[in-house]
Amino acid sequence: MKIVLASQSPRRKELLGRMGLEFVTQASKIDESAFDGLAARELVATLSREKAQWIARQLDGETLVIGADTVVVRDGVALGKPKDAEDAVAMLLSLSGRDHQVCTGVTVCRGDRVLTQVEETQVTFRDLTEAEVRQYVSTGEPMDKAGAYGIQGLGGLLVEGIRGDYSNVVGLPVCRLGQMLKDFGVDCLALAGR
């Protein structure tokens, strides 16, 4: 079965690869700003579905398409990718010493069948100084990441703890996705054992 990941994210590509699947990546061309104003869980569910279905419409009905979208949520407000370095500094300072949630919407579709689910993980940042935040931002790592940090990189130095799926914070909840793929006849563990 041909599998397409509707994302160019290197982090999602790496996580899906670790699941033992052979796939190709293809970026969708949807206007994400058209969905501004939706609540975080609804936003990531909608965007993951839109991305997956946009790709699916370009392909035959036998191809399995996986779409995902992640946001960081602080006090009910979704934090996307920072606009610039000062925006990244402000986001990170607002997360300092506090809990926040990382929500990822995941969609799997094949033909007319579409399944969308949302994973949520709670993340706690340690107390950060402005100097530490500025040092981190100066590395450039935060600039293409929701919430302005990457837990799998230097951003891990900011994180005091998590409750939930670590891979979700990276950008793709592999446990949940594995269960969703089973519903489409793709058993990652069985494939790995062959």
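Positions are given from 1, in the same order as the sequence printed here.
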Can you name the nearest heavy-atom pair linking [X] to [Y], along with the distance?
X	Y	answer
M143	A85	CE-N, 3.6 Å
V102	V169	CG1-CA, 3.9 Å
G67	A52	N-CB, 3.8 Å
V65	A6	CG1-CB, 4.2 Å
F184	L115	CE1-CB, 3.9 Å
S7	R12	OG-NH1, 3.6 Å

Check whether any side-chain heavy atom of [X] lies under 4.5 Å from a side-chain heavy atom of [Y], and answer yes or no.
X	Y	answer
T116	S48	yes
L64	F23	no
R98	F125	no
V89	R134	yes
L181	C188	yes
Y149	E141	no
L172	S167	no
M1	R110	yes

To the nearest 0.5 Å, tell me how far [X] [atom1] sits from [Y] [atom2].
X	Y	atom1	atom2	answer
E50	S28	CD	OG	9.0 Å
S94	H100	OG	NE2	9.0 Å
L5	L21	CG	CG	10.0 Å

Any donor-acceptor N/O pair, [X] side chain to [Y] backbone, under 3.5 Å:
X	Y	result
D60	T63	yes
D31	S33	yes
S96	L93	no
Q58	W54	yes
T107	R49	yes

Residues L47, L43; criterion side-chain contact (heavy atoms from CB on, under 4.5 Å); working and verdict: CA-CA 6 Å; L47 287 175; L43 176 66; 3.6 Å; yes

Test log, rule salt bridge (charged side-chain N to carboxylate O under 4.0 Å, His left out), inputs E132 and R126: CA-CA 11 Å; E132 288 176 311; R126 65 179 176 80; 3.1 Å; yes

If the threshold is 4.0 Å, N to carboxylate O, is there a salt bridge linking [X] and [Y]?
X	Y	answer
R176	D165	no
E14	R18	yes
E22	K2	no

Stepwise side-chain contact (heavy atoms from CB on, under 4.5 Å) check, L95 with L128: CA-CA 9 Å; L95 298 173; L128 305 172; over 6 Å; no

Steps toward salt bridge (charged side-chain N to carboxylate O under 4.0 Å, His left out) verdict (D144, K81): CA-CA 6 Å; D144 67 339; K81 296 175 184 175; over 6 Å; no

Under 3.5 Å side-chain donor-acceptor pair for T124 and D99: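 T124 vs D99: donor-acceptor pair found between side chains.
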
Donor-acceptor pair between E119 and N168 side chains, under 3.5 angstrom: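 Their side chains do not contain a donor-acceptor pair, so the 3.5 Å distance test is not met.
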
Check against side-chain contact (heavy atoms from CB on, under 4.5 Å), E86 and M91: CA-CA 9 Å; E86 285 306 309; M91 278 188 201; over 6 Å; no

V137 and L92: CA distance, side-chain angles, deciding distance, side-chain contact (heavy atoms from CB on, under 4.5 Å) verdict: CA-CA 9 Å; V137 171; L92 291 165; 3.7 Å; yes

Positive for side-chain hydrogen bond (donor to acceptor under 3.5 Å, both in side chains) with T104, one of T121, T70, D69: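 For T104, the side-chain hydrogen bond (donor to acceptor under 3.5 Å, both in side chains) check succeeds only for T70.
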
